[in-house]
Amino acid sequence: MKRALITGITGQDASYLAELLLDKGYKVFGTTRRTSTVNNERIKHIEDKIQIIPSDLLDQSSLNNAILESEPDELYNLAAQSFVKTSWNQPVLTGEFTALGVTRILEAIRTINPKIKFYQASSSEMFGKVTETPQREKTRFYPRSPYGVAKVYGHYITVNYRESFNIFACSGILFNHESPRRGLEFVTRKISHGVARIFLGKQDKIELGDLKPKRDWGFAGDYVEAMWLMLQQKVADDYVIATGENHSVKEFAELAFRTVGINDWEKHVVSNISSHMRPAEVDYLIGDYSKAKKVLGWRPKTSFKKLVEMMVKADIELEKNK
Ligand code: NDP
Ligand code: GDP
């Protein structure tokens with residue numbers, strides 16, 4: 001039985017990855033950090049099948065201990081301060097978690113068992129103010145937020161430990177991926193949840209920032225399969241994971257409202273709210289996943305339309321039962 005350790009098991013991606021690995025017969029371990037109230041919402045349905053180990057990205061000995069206790073064949077580092085907007089309010093903390101946290105894990109692997117295969121959750125935010133379209137593995141990074149900068153560090157330290165110590169370390173450069181389990185602060189979920197509440201008569205408006213930025217949005221359930229595939233190859237490498245299609249925030253909102261039959265959607269949206277605007281914006285992201293397609297045999301399965309519908313439907317069910 002293969003063993004996997006996932007950091008940040010309470011997060012969106014970890015919940016889908018844990019399901020996938022359990023299906024494949026893995027023994028799954030996941031780390032959680034200490035919180036005053038339990039936030040295991042996303043893994044409630046599989047909690048009895050996985051083993052939780054307390055550990056924090058800031059605390060080296062807790063990371064060492066997580067590895068010693070789980071003895072993993074594969075380690076997926078999904079933990080991070082993952083919200084771009086917050087990274088301007090907490091830039092140092094974002095660097096500690098999202099950048100240096102990666103080195104702490106790699107150090108634990110290097111000193112305890114360098115044979116552990118490592119996956120680092122890198123991000124299309126590293127491309128930021130894009131220097132090439134579509135963005136691929138070799139596109140120059142130009143991050144636009146403390147989060148993006150921290151992810152660039154995480155990417156390069158992963159590459160560096162691969163080259164310095166021959167650790168099987170992969171960096172998955174994933175474009176935005178969403179699901180009904182996405183955090184409520186991200187724009188897709190904020191919209192799907194708002195639309196559901198408006199449809200049910202519980203709310204009238206959604207307050208948003210800039211509607212123009214475009215993102216290459218995929219489904220998280222499809223993307224975790226690419227993470228696993230990367231660690232099954234003979235050679236460790238870096239891959240862009242994306243859909244190759246992008247849409248604006250406005251298009252997302254319009255489609256979400258149309259899903260519930262609301263066509264005069266603009267009546268329900270207030271845009272350019274200053275508290276939701278960013279000091280520096282990432283205007284345009286679109287990924288070229290041809291390397292992943294060729295080497296991993298991976299391709300996205302869920303269309304943009306299906307993703308939006310899935311999220312709105314799930315939020316209607318959620319809000320109906322409240
Ligand atoms: P989430 O924000 O849903 O999950 C992040 C996880 O990290 C949570 O379990 C969180 O715990 C945990 N965490 C935060 N800080 C610490 C810490 N100091 N120590 C230990 N654990 C911590 O993110 P996603 O699932 O969406 O993303 C997974 C990874 O992929 C992240 O690294 C993200 O930056 C990256 N990524 C995500 C993309 C996306 O579109 N979703 C795109 C590209 C990259 P808690 O629940 O306690 O807060
Ligand atoms: P990001 O790509 O990781 O920053 O994911 P987000 O979902 O947080 O943001 C995607 C895009 O939506 C960014 O360009 C934001 O500026 C834009 N956006 C517009 N209004 C909002 C809002 O109210 N909340 C968030 N989170 N993003 C918004």
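When reading the values below, keep in mind they use all heavy atoms of this one structure, side chains included, and skip hydrogens, waters and symmetry mates.
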Show me the donor-acceptor pairs, under 3.5 Å and distance only, between side chains in residues 82-92 and residues at least two apart or in other chains.
| residue | atom | partner | partner atom | Å |
| --- | --- | --- | --- | --- |
| K85 | NZ | S275 | O | 2.7 |
| S87 | OG | V84 | O | 2.6 |
| S87 | OG | Y147 | N | 3.1 |

For R136, salt bridge (Lys or Arg N to Asp or Glu O under 4.0 Å) partners two or more places apart: E132
Between F118 and F168, is the gap from one ring center to the other below 6.0 Å? no
Can a donor-acceptor pair be found between the side chains of Y76 and E74 at a distance below 3.5 Å? yes
For the residue pair T31 and S55, confirm or rule out a side-chain donor-acceptor distance under 3.5 Å. no
Taking H155 for the side chain and S122 for the main chain, is one N or O donor matched with an acceptor at less than 3.5 Å? no
pair V149-T94: side-chain heavy atoms closer than 4.5 Å: no
Quick one: which residue pairs count as a side-chain hydrogen bond (donor to acceptor under 3.5 Å, both in side chains) with a foot in residues 284-295, not counting sequence neighbours? D237-K291, D288-S290
By the definition side chain to side chain contact (heavy atoms under 4.5 Å, CB included), identify the one residue from N166, L106, I109 that meets it with Y161. L106
Does Q81 offer a backbone N or O that forms a donor-acceptor pair with the side chain of T98 under 3.5 Å? yes
Same apolar cluster: M230 and I105, side chain cutoff 4.5 Å: no
Do R140 and T131 have side-chain atoms, one donor and one acceptor, less than 3.5 Å apart? no
Centroid-centroid distance, Y16 to F219, less than 6.0 Å: yes
Is it true that atom CZ of R299 has more than 12 heavy atoms of other residues, nucleotides or ligands lying nearer than 6.0 Å? no
Closer than 4.0 angstrom, basic N to acidic O: yes or no for E225 and K301? yes
Y142, OH: over 12 other non-hydrogen atoms inside 6.0 angstrom: no
Indicate yes or no: at least one non-hydrogen side-chain atom of E281 is less than 4.5 angstrom from one of P213. yes
Under 4.5 Å between side-chain heavy atoms, counting indirect links through other Ile/Leu/Val/Met/Phe/Trp/Tyr residues: same cluster for F186 and W217 or not? no
Do you reckon I198 sits in the same ILVMFWY cluster as I273, going by side-chain contacts under 4.5 Å, direct or chained? no
Counting neighbours of CD on E41 that are heavy atoms of other residues, nucleotides or ligands and sit closer than 6.0 Å, is the number greater than 12? no
Do T302 and D222 pair up side chain to side chain, a donor and an acceptor below 3.5 Å, judged on atom types alone? yes
Can you find a pair of side-chain heavy atoms, one from N113 and one from K115, that are under 4.5 Å apart? yes
Answer yes if the side chains of Y223 and W298 hold a donor-acceptor pair under 3.5 Å, and no otherwise. no
Check step by step if salt bridge (charged side-chain N to carboxylate O under 4.0 Å, His left out) holds for E107 and R110. CA-CA 5 Å; E107 270 298 284; R110 184 182 71 78; 2.7 Å; yes
Using ring-ring contact (aromatic ring centres under 6.0 Å, His included) as the criterion, list what pairs up with F29, not counting sequence neighbours. none
Using the rule given for side-chain hydrogen bond (donor to acceptor under 3.5 Å, both in side chains), can you reason through Q51 versus S70, listing the C-alpha separation, both sets of side-chain angles and the distance that settles it, and then say yes or no? CA-CA 9 Å; Q51 202 167 311; S70 59; over 6 Å; no
F97 and L58, any side-chain heavy atoms less than 4.5 Å apart: yes
Less than 4.5 Å apart, any side-chain heavy atom of M277 and any of D210? yes
Is the backbone of F175 close enough, under 3.5 Å, to the side chain of H177 for a donor and an acceptor to pair up by distance? yes
Are F252 and H247, when compared by the centres of their aromatic rings, separated by less than 6.0 Å? no
From CZ (R3) to CD (E71), nearest 0.5 Å: 5.5 Å
Other residues, nucleotides, ligands: >12 heavy atoms within 6.0 Å of K214 NZ: yes
Between N176 (side chain only) and R215 (backbone N and O only), is there a donor and an acceptor less than 3.5 Å apart? no
Evaluate the ring pair (Phe, Tyr, Trp, His ring centres under 6.0 Å) criterion for residues F257 and F199: first the C-alpha distance (whole Å), next the side-chain angles of each, then the deciding distance (0.1 Å), finally the verdict. CA-CA 9 Å; F257 276 106; F199 175 69; over 10 Å; no
Test salt bridge (Lys or Arg N to Asp or Glu O under 4.0 Å) applied to K202 - qualifying residues, sequence neighbours left out: E319
Between R258 and N263, do the side chains contain a donor N or O and an acceptor N or O under 3.5 Å apart? yes
State, yes or no, whether a side-chain contact exists between I112 and L68 at a heavy-atom distance under 4.5 Å. yes
Going only through I, L, V, M, F, W and Y residues with side-chain contacts under 4.5 Å, is there a path from L78 to I167? no
Would you say L17 and L296 are hydrophobically clustered, going by side-chain heavy atoms of ILVMFWY under 4.5 Å? yes
Hydrogens and angles aside, do T103 and Y153 bring a side-chain donor and acceptor to less than 3.5 Å of each other? yes
Could you tell me whether D59 and R34 make a salt bridge, using a distance below 4.0 angstrom between a side-chain N and a carboxylate O? no
Take L285 and V130 through the test side-chain contact (heavy atoms from CB on, under 4.5 Å) and record every step on the way to the result. CA-CA 7 Å; L285 291 176; V130 300; 3.8 Å; yes
Which pairs would a plain distance check flag for residues 307-318, meaning a side-chain donor or acceptor within less than 3.5 Å of a matching protein atom at least two apart in sequence or in another chain?
| residue | atom | partner | partner atom | Å |
| --- | --- | --- | --- | --- |
| E309 | OE2 | K305 | NZ | 3.0 |
| D315 | OD1 | R189 | NE | 3.2 |
| D315 | OD1 | R189 | NH2 | 2.8 |
| D315 | OD2 | R189 | NE | 3.0 |
| D315 | OD2 | S192 | OG | 2.7 |
| D315 | OD2 | H193 | N | 3.2 |
| E317 | OE2 | K320 | NZ | 3.4 |

Less than 4.5 Å apart, side chain to side chain, heavy atoms only: is that true for L208 and I191? yes
Do R182 side-chain atoms and T188 backbone N/O form a donor-acceptor pair below 3.5 Å? no
For the pair I67 and L75, evaluate side-chain contact (heavy atoms from CB on, under 4.5 Å) and give the outcome as yes or no after the intermediate values. CA-CA 9 Å; I67 292 182; L75 194 163; 3.7 Å; yes
Flag the pair K205 and E266 as a salt bridge only when some basic side-chain nitrogen lies within less than 4.0 angstrom of an acidic carboxylate oxygen. no
Measure from the side-chain N and O atoms of S123 to the backbone N and O of M126, and report whether any donor-acceptor pair falls under 3.5 Å. no
Where do N160 and T158 land on the side-chain hydrogen bond (donor to acceptor under 3.5 Å, both in side chains) test, with the steps shown first? CA-CA 5 Å; N160 181 260; T158 301; over 6 Å; no
Side-chain donor/acceptor of R162 to backbone N/O of C170, under 3.5 Å: no
Within-4.5 Å side-chain heavy-atom neighbours: H268 and I206: no
Any sub-3.5 Å donor-acceptor pair from R144's side-chain atoms to K129's backbone N or O? no
Main chain of G287, side chain of D216: is a donor-acceptor contact present, judged purely on distance under 3.5 Å? yes
